[in-house]
There are 2 protein chains.
Amino acid sequence: MAKPGLNRQAYIDVAFDLIVESGVEKLSMRKVAGVLNVSAMAMYKHFPNKDALLAATLDEVIKRADVYPDDELDWPQWIEHVARGMYTALCEQSSWVPLLGSLQLGSQAITVTQSFVIKLNSAGFSIEQSLQAYFAVIQLVIGAACLNTSIKHHQHNLQETQIPEALEKLISTDQLEMGLPFLMQSLKAQLKNGAQN
Amino acid sequence: MAKPGLNRQAYIDVAFDLIVESGVEKLSMRKVAGVLNVSAMAMYKHFPNKDALLAATLDEVIKRADVYPDDELDWPQWIEHVARGMYTALCEQSSWVPLLGSLQLGSQAITVTQSFVIKLNSAGFSIEQSLQAYFAVIQLVIGAACLNTSIKHHQHNLQETQIPEALEKLISTDQLEMGLPFLMQSLKAQLKNGAQN
DNA sequence: ACCTGAACACCGTTCAAGT
DNA sequence: ACCTGAACACCGTTCAAGT
């Protein structure tokens with residue numbers, strides 16, 4: 001098999017596909033190399049180690065998720081759209097969730113940060129407020145995706161306790177709805193109170 | 001070396017210590033067995049696989065974190081104390097963070113859930129509201145711990161962008177302060193508005 | 001310069017064999 | 001009933017050797 005344009009991106013694309021198929025935990029350097037008919041060691045010319053490959057692939061996931069909504073939305077809708085896009089992408093590729101705390105973030109993640117801050121800043125929030133809101137949204141999205149992944153087990157265990165069937169409704173609810181409304185409400189109040197923060 | 005009381009808990013205790021020393025990612029069945037002078041396969045009488053050992057050890061972490069505050073605190077202080085206890089424990093043993101989305105939750109996690117719901121319910125929240133607040137708090141704690149773990153890299157990358165030095169202040173800030181105040185504010189408003197939710 | 005295969009030092013887990 | 005050691009099928013990564 002010819003390998004003329006066998007560059008960095010080729011490895012990332014293969015890693016992406018393999019992870020979609022089987023999850024991050026099943027990916028190995030040998031498998032990626034095998035798909036491209038290359039020795040495993042050839043990859044070390046492009047990535048210093050496996051984590052570097054994973055970080056680059058995560059950046060590709062963020063890029064392809066393409067979470068940016070229409071710019072004509074007002075800021076609350078804009079935030080909710082971005083948060084939901086991230087949450088949906090993470091739930092679809094939930095095998096990434098365990099790694100979010102340990103992988104480096106790449107250029108795509110930074111692009112999202114910048115867009116978010118610019119949008120909120122032009123809506124009347126200060127830079128500090130915008131950044132804080134961004135971090136809060138990211139925390140909620142990660143936490144929601146994390147709970148979404150592990151919730152079935154929790155459900156199983158909780159049903160043997162005294163907590164009533166109210167739980168059932170909540171568990172089938174979209175996890176993002178657990179925390180995001182609280183945040184949106186507070187942000188609206190913050191904006192109304194003006195610049196005194 | 002004698003091994004008379006070599007029960008389930010002995011393996012958990014050793015795993016706990018090894019993880020405190022070197023992190024979850026370095027733990028192996030062989031190492032735990034080695035410390036106890038037992039063959040690696042002896043553990044499979046107590047745990048069906050490595051994940052079961054990790055889940056049991058995580059439950060031990062939650063148990064030892066002992067997040068329950070004085071019961072005489074009012075509910076906002078009580079929540080903040082529990083959230084901070086969880087967050088502190090997770091940051092101290094941050095190698096657990098990547099696994100929070102994939103491990104089963106054990107009996108200790110359920111105990112925390114129950115205490116939380118009981119406390120908020122007796123403060124005037126409905127069971128549904130209490131559970132939703134609990135999930136929101138857990139999401140924030142996990143998300144904050146996750147960001148706290150990866151933030152140094154993010155900081156490094158962000159400094160090459162146009163986002164100004166306001167970021168510096170926020171990054172050195174306690175991550176829990178990013179989202180928890182928003183939640184507390186909304187919960188207080190919810191309680192004032194009474195039972196119409 | 002680039003790629004390779006063998007090798008090192010590990011893994012989790014299976015399984016037949018011991019007592 | 002319990003434990004063992006050898007073995008299987010993998011890992012990430014190093015490194016000397018090829019072209």
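Any value given below was found using the heavy atoms of this structure, including those in side chains, with hydrogens, waters and symmetry copies removed. Every chain is numbered from 1 and lettered A, B, ... according to where its sequence line falls, protein lines coming before strand lines. Remember, it's a predicted structure, so these values are computed and weren't measured experimentally.
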task = Sort out the partner of dT19(D) for me: Watson-Crick or G-U wobble, both distances under 3.5 Å, none otherwise.
result =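 Checking every strand shown, dT19(D) finds its partner in dA1(C), with both distances under 3.5 Å.
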task = Determine which nucleotide pairs with dA6(C), using a 3.5 Å limit on both distances of a Watson-Crick or G-U wobble pair.
result =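 Result: dT14(D).
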Could you check how far [atom1] of [X] sits from [atom2] of [N], rounded to whole Å?
X	N	atom1	atom2	value
M29(B)	dC3(D)	CE	P	14 Å
H46(A)	dG12(D)	NE2	C1'	18 Å
F47(A)	dG12(D)	CZ	C1'	15 Å
E25(B)	dG12(D)	CD	C1'	14 Å
M43(B)	dT14(C)	CE	P	14 Å
R30(A)	dC8(C)	CZ	P	14 Å
D51(B)	dT13(C)	CG	P	8 Å
L27(A)	dC10(D)	CG	P	15 Å

Can you check whether [X] has a side-chain N or O nearer than 4.0 Å to OP1 or OP2 of [N]?
X	N	answer
S28(A)	dC11(D)	yes
Y44(B)	dT13(C)	yes
K50(B)	dG12(C)	yes

With a non-hydrogen cut-off below 4.0 angstrom, is [X] in contact with a base, only sugar-phosphate, or nothing?
X	answer
L53(B)	nothing
M41(A)	base
K26(B)	nothing

Exam field: side chain K192(B) to backbone L187(B), donor-acceptor pair closer than 3.5 Å =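 Not a single qualifying donor-acceptor pair exists.
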ask   = Atom OG in S186(B), atom CE in M184(A): separation rounded to 0.5 Å?
value =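 Here the interatomic distance stands at 10.5 Å.
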query = Of the options D71(B), D74(B), D70(B), which is the one that meets K119(B) in a salt bridge (Lys or Arg N to Asp or Glu O under 4.0 Å)?
reply = D71(B)
request  = Could you give the distance separating dA9(D) and dA9(C) at their P atoms, to the nearest angstrom?
outcome  = 23 Å
query = With rounding to whole Å, what would you report as the distance between dA17(C) and dC2(D) at their C1' atoms?
reply = 13 Å
query = Any ion pair linking E177(A) and R84(A) (charged N to carboxylate O, less than 4.0 Å)?
reply =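 Yes, R84(A) and E177(A) are salt-bridged.
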key: N49(B) side-chain proximity, nearest of dT13(C), dT4(C), dC11(C)   = dT13(C)
query = Nearest to the side chain of K31(A) - dC11(D), dG12(D), dC3(D)?
reply =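 Among the listed nucleotides, the one closest to the side chain of K31(A) is dC11(D).
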query = Starting at the 5' end of DNA chain D, which residue's closest nucleotide do you reach first, P48(A) or A42(B)?
reply = A42(B)
ask   = Is the distance between the ring centroids of Y68(A) and W78(A) under 6.0 Å?
value =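 No; W78(A) has its ring centre 6.0 Å or more from that of Y68(A).
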message = For F47(A) and Y11(A), take the angle between the two ring planes, folded into 0 to 90°, and tell me which bin it lands in: parallel under 30, tilted 30 to 60, perpendicular over 60.
response = perpendicular
